[in-house]
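Notes follow once the structure below has been shown.
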Amino acid sequence: MNEKEIMDLESFYLANVFSKKPLVFTRGKGALLWDINGKEYIDCASSYGVAALGHCHPNIVAAIKAQAEQLITLHSCYYNDKRAEFVQKLVNITPKGLDKAFLSNSGAESVECALKLARKATGKTEIISIMGAYHGKTMGALSLTWDKKYREPFMPLIPDVKHVMPDNSDKIREAITDKTAAVIMEPIRGEGGIRVPSDNYLQQVREICTEKGVLLILDEVQTSFGRTGKLFCCQNWNVTPDIMCLAKPFAGGLPIGITVAQKDLMSTFKVGEHSTTFSGSPIVCAAGCAAIDTLIAEDLSGKAAVDGKYFKSQLEKVASRHKIVKEVRGLGLMLGMELRYDVYGVIMKTLNKGALVIDAGRTVVRILPPLVINKEQIDKVIKILDEALGEEENERSSSSTVSN
Ligand code: PMP
């Protein structure tokens, strides 16, 4: 099939729910992707954070190959060696106290589990979420997500969800009632524009939740796995939630969702109250073991801290040359560049020049490279962004001259 045939087939048979870019990728290695015509791109999107280990990391490839010959699928009503190994490795790296896991297949599912667990454990129904939050698009997770363009077509969603102003712990305190089961938030809002909270915020929220007897759920679907310079983003502020939601990169690119909680909390689920057919498939868990081993062996969180600082400082230099850029922000290799306008033009120009970046809302260019990206690749992306921003500015100034 050629490029056009592939795009036509997908468009014809798949639900039209993704905002597609006209590119067909067929191969990847590390931080690089190649399109069907052999053109090379530097991936600074990692499939929305999934490919944190880069594409086709040899450890992941080897683990999947070996497990594919052994056993691919096995329902969790039986035991499996790779599943046992994976949950042990996982709990060995999660913040102390988060020692029981439920395995699912996506970020939204990890949030669904957290929601049900919070209701079950507290016997309460109310959940406090944050304006600007993104927690996924299944009905429960969608109820917590903020953007009304995602929510309104599907109303009514689950009741008793309140959204409060971000980065203001007083608003959390005011919103809590005797019906509140949990507060849920992303430590750094990803889809909401790479918003890093002020330094004391998360600690204050933790204290309020503890004082009021309300569970704190941290959605680390995008922020974990070393991306922000720590294995889990909450560790940047020494905060441990009661429940943590994980997903994206934890199985080296295979679908996974994970909800971790303290033992007694997770034990409030009785047999049958929560499950999913694919929970902890051996092949996913084998890839997950290799992913965690690689994360630790290559010290990717340490690398993300160092490379993220460098990437951010270079982005700041670029920003200083372009009036169109309002702000650069982020932590580790979770970076955002807010523009004064819609980012579509800059994203497309960057793509055409050989680097993938994504949006985070209408005006923020989001940069989520594989953690294995090297300095030379970062420098290339910086050059491409510099050029793309320059061209966008020129276009905007010439079109405003014309319209004047
Ligand atoms: N929570 C957060 C913080 C996310 O960033 C995402 C996905 N971008 C989700 C939940 C939903 O994950 P999924 O798309 O795998 O359902």
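The first residue of the sequence shown is numbered 1, and numbering continues consecutively from there.
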Exercise. Can you tell me if NZ on K380 sees more than 12 non-hydrogen neighbours from other groups inside 6.0 Å?
Worked result: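 Atom NZ in K380 is not crowded, with 12 or fewer foreign heavy atoms closer than 6.0 Å.
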
Acceptor/donor pairs from residues 263-270 side chains to any protein atom, 3.5 angstrom cut, sequence neighbours excluded:
unit_1: S267; atom_1: OG; unit_2: K263; atom_2: O; d: 2.7
unit_1: T268; atom_1: OG1; unit_2: L265; atom_2: O; d: 2.6
unit_1: K270; atom_1: NZ; unit_2: S267; atom_2: O; d: 3.4

Would you mind checking if [Y] and [X] are paired as a salt bridge, meaning a charged N to carboxylate O distance below 4.0 Å?
X: K323; Y: E393; answer: no
X: D160; Y: K179; answer: no
X: K303; Y: D299; answer: no

Go through the structure and list residues passing salt bridge (charged side-chain N to carboxylate O under 4.0 Å, His left out) with [X], not counting sequence neighbours.
X: E298; value: none
X: K375; value: D379
X: E273; value: K120

For this session: Please collect all salt bridge (charged side-chain N to carboxylate O under 4.0 Å, His left out) contacts where either partner lies in residues 240-249, sequence neighbours excluded, each pair once.
Result: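 As it turns out, the salt bridge (charged side-chain N to carboxylate O under 4.0 Å, His left out) pairs with a partner in residues 240-249, which skip direct neighbours, are R206-D242.
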
For this session: Please step through side-chain contact (heavy atoms from CB on, under 4.5 Å) for the pair I6 and I36, ending with a clear verdict.
Result: CA-CA 10 Å; I6 294 169; I36 192 167; 3.4 Å; yes

If you look at every heavy atom in [X] and [Y], which pair is closest and at what distance?
X: I184; Y: I127; value: CG2-CG2, 3.9 Å
X: V50; Y: G253; value: CG1-CA, 3.6 Å
X: A182; Y: I217; value: CB-CD1, 3.7 Å
X: Y201; Y: N168; value: CE1-N, 3.2 Å

Which residues pass the side chain to side chain contact (heavy atoms under 4.5 Å, CB included) test with [X], not counting sequence neighbours?
X: R173; value: I208, E211, K212
X: K326; value: E338, R340
X: K309; value: none

Under a plain distance cut-off of 3.5 Å, with no hydrogens placed, do [Y] and [X] share a side-chain donor-acceptor pair?
X: T210; Y: E207; value: no
X: Q222; Y: R366; value: yes
X: H55; Y: K29; value: no
X: T223; Y: E186; value: no
X: K317; Y: Q314; value: yes

Exercise. Which residues pass the ring pair (Phe, Tyr, Trp, His ring centres under 6.0 Å) test with F86, sequence neighbours left out?
Worked result: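 By the ring pair (Phe, Tyr, Trp, His ring centres under 6.0 Å) rule, F86 matches no residue at all.
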
Name every donor-acceptor pair, under 3.5 Å, that has one atom in a side chain of residues 349-358 and the other anywhere in the protein, sequence neighbours excluded.
unit_1: K349; atom_1: NZ; unit_2: E392; atom_2: OE1; d: 2.7
unit_1: K349; atom_1: NZ; unit_2: E395; atom_2: OE1; d: 3.1
unit_1: K349; atom_1: NZ; unit_2: E395; atom_2: OE2; d: 3.3
unit_1: T350; atom_1: OG1; unit_2: V346; atom_2: O; d: 2.6
unit_1: N352; atom_1: ND2; unit_2: M348; atom_2: O; d: 3.3
unit_1: K353; atom_1: NZ; unit_2: E387; atom_2: OE1; d: 3.4
unit_1: K353; atom_1: NZ; unit_2: E391; atom_2: OE2; d: 2.7

Problem set entry | Residue pair T259, M244: steps toward the side-chain contact (heavy atoms from CB on, under 4.5 Å) verdict | CA-CA 6 Å; T259 314; M244 186 161 65; over 6 Å; no

Exercise. How many angstroms lie between atom CD1 of I367 and atom OG of S46, to the nearest 0.5 angstrom?
Worked result: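 Atom-to-atom, I367:CD1 and S46:OG are 11.5 Å apart.
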
Which donor-acceptor pairs under 3.5 Å do the side chains of residues 133-141 make with protein atoms, sequence neighbours left out?
unit_1: H135; atom_1: ND1; unit_2: D219; atom_2: OD2; d: 2.7
unit_1: T138; atom_1: OG1; unit_2: E112; atom_2: OE2; d: 2.5

Exercise. Checking S143 side chain against I158 main chain: does a donor-acceptor pair fall under 3.5 Å?
Worked result: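 Yes: the side chain of S143 pairs with the backbone of I158.
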
Distance-only donor-acceptor hits, side chain of residues 226-234, under 3.5 Å, sequence neighbours excluded:
unit_1: R227; atom_1: NH1; unit_2: L333; atom_2: O; d: 2.7
unit_1: R227; atom_1: NH1; unit_2: P369; atom_2: O; d: 2.9
unit_1: R227; atom_1: NH2; unit_2: P369; atom_2: O; d: 2.9
unit_1: T228; atom_1: OG1; unit_2: N236; atom_2: ND2; d: 2.9

Exercise. Is there a salt bridge (charged side-chain N to carboxylate O under 4.0 Å, His left out) between K89 and D293 once you walk through the steps?
Worked result: CA-CA 8 Å; K89 282 183 194 294; D293 286 347; 3.0 Å; yes

Exercise. Any side-chain heavy atom of T240 within less than 4.5 Å of one from L218?
Worked result: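 Counting from C-beta outward, T240 and L218 never come under 4.5 Å.
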
